Amino acid sequence: MRTNVRPDHADAAHAARSLPGVWTLAGVYPVASSARGAVKRIPRAERMPSYAPAGAYEAYAARHEDGGTALWVRYLVGVVDPEPRPTSMTYRVINRGTSRSYEGLRIERVTVAAECPRCGGPRGAAISHRFCEDGEWYDCDRWTNRCGHVDDYATVLVEYRARQQAIEDAENRAAYGTSGAPDLTRDSRPVRDVAARRIAASSDPICFEGAMVRTAAALGRGEDPATAVWTAVDPVSTAAEIEALAARRRFALLAPRKDAK
């Protein structure tokens with residue numbers, strides 16, 4: 001991989017030509033619009049003679065860790081059926097939870113960006129890996145980014161949850177307007193349905209849902225979760241209790257009021 005990230009199109013075109021079909025870093029632009037402009041001009045070799053003839057190269061732009069926008073190019077001449085650039089990547093990753101003590105593991109399927117979060121280069125393809133831990137066999141994925149940057153599972157899980165939250169926010173904006181906030185006081189769905197995405201995005205969905213159900217049941221019996229012996233002592237269960245309390249309040253607001261006598 002080229003280490004010089006200042007845009008040098010003559011050098012980038014030469015490097016990409018020596019590796020047909022392989023994405024090559026052309027440089028990092030401090031202004032995103034400049035990188036996007038280059039992405040449009042490179043396939044046409046418009047005012048960029050290094051990429052002549054037209055159609056010989058393609059390009060894309062992605063965020064770079066230094067705050068700029070990375071420009072990546074690929075030489076296509078002689079490449080039969082070049083592999084399309086994916087819009088996302090799906091991996092099976094190991095989730096060991098957030099506790100400092102050992103709490104086992106589970107395999108979680110996540111969908112993240114197709115680009116390396118550090119340099120914007122393409123992420124590697126998933127390679128299945130089978131392993132044994134505590135007498136149990138598991139299947140996860142490993143991958144190698146050609147840029148050399150390593151994705152650790154914990155960081156990928158954080159990226160996945162942030163991506164899911166961004167998708168949820170966008171959907172809320174589309175459904176409820178610019179505020180992006182649904183009127184939960186009018187939502188009569190069961191608490192499991194309302195909290196489905198938060199359960200899925202939790203570091204421990206099973207624990208989240210279990211704590212939420214226990215809290216809802218306790219509230220239905222008139223108990224105070226704050227004094228219950230199973231009250232949460234970890235962030236996941238605390239969030240679940242809050243979700244159940246919110247549901248209880250929501251249903252109370254929706255319940256028809258009796259006229260005072």
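Source: prediction; values computed, not measured.
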Undergrad: Do you know which of V77, T24, I42 makes side chain to side chain contact (heavy atoms under 4.5 Å, CB included) with Y57?
TA: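 That would be I42; it is the only one of V77, T24, I42 passing the side chain to side chain contact (heavy atoms under 4.5 Å, CB included) with Y57.
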Undergrad: Does V22 belong to the same Ile/Leu/Val/Met/Phe/Trp/Tyr cluster as V73, with side-chain heavy atoms less than 4.5 Å apart forming each link?
TA: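 In one cluster with V22: V73, no.
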Undergrad: Got a salt bridge between E159 and R161, using NZ or NE/NH1/NH2 to carboxylate O under 4.0 Å?
TA: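 Salt bridge between E159 and R161, a charged N being under 4.0 Å from a carboxylate O: no.
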Undergrad: What is the ring orientation for Y60 with W72, classed by angle as parallel under 30°, tilted 30 to 60°, or perpendicular over 60°?
TA: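 Rings of Y60 and W72: parallel, as their planes differ by under 30°.
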Undergrad: Identify the heavy atoms of A125 and W143 that sit nearest to each other, and give their distance.
TA: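 Shortest heavy-atom contact: O-CB, 3.3 Å.
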Undergrad: Less than 4.5 Å apart, any side-chain heavy atom of L71 and any of V39?
TA: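 Yes; the side chains approach each other to less than 4.5 Å.
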Undergrad: Any idea how Y138 and F131 line up, ring-wise: parallel (<30°), tilted (30 to 60°), or perpendicular (>60°)?
TA: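 Rings of Y138 and F131: parallel, as their planes differ by under 30°.
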Undergrad: May I ask you to test the N145-D151 pair for a side-chain heavy-atom distance under 4.5 Å?
TA: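 Yes, close enough: below the 4.5 Å cut-off.
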Undergrad: Assess, by modelled atom type and distance only, whether the side chains of R36 and T69 contain a donor and an acceptor separated by less than 3.5 Å.
TA: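 No, no side-chain donor-acceptor pair sits under 3.5 Å.
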Undergrad: Quick check: are there more than 12 heavy atoms from other residues, nucleotides or ligands sitting under 6.0 Å from CZ of R142?
TA: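 Result for CZ/R142: open.
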Undergrad: Can a side-chain donor-acceptor contact be found between R123 and Y91 if the only test is distance below 3.5 angstrom?
TA: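 No, no side-chain donor-acceptor pair sits under 3.5 Å.
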Undergrad: Counting only heavy atoms from other residues, nucleotides and ligands, does the tally under 6.0 Å from CZ of R41 exceed 12?
TA: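 Yes.
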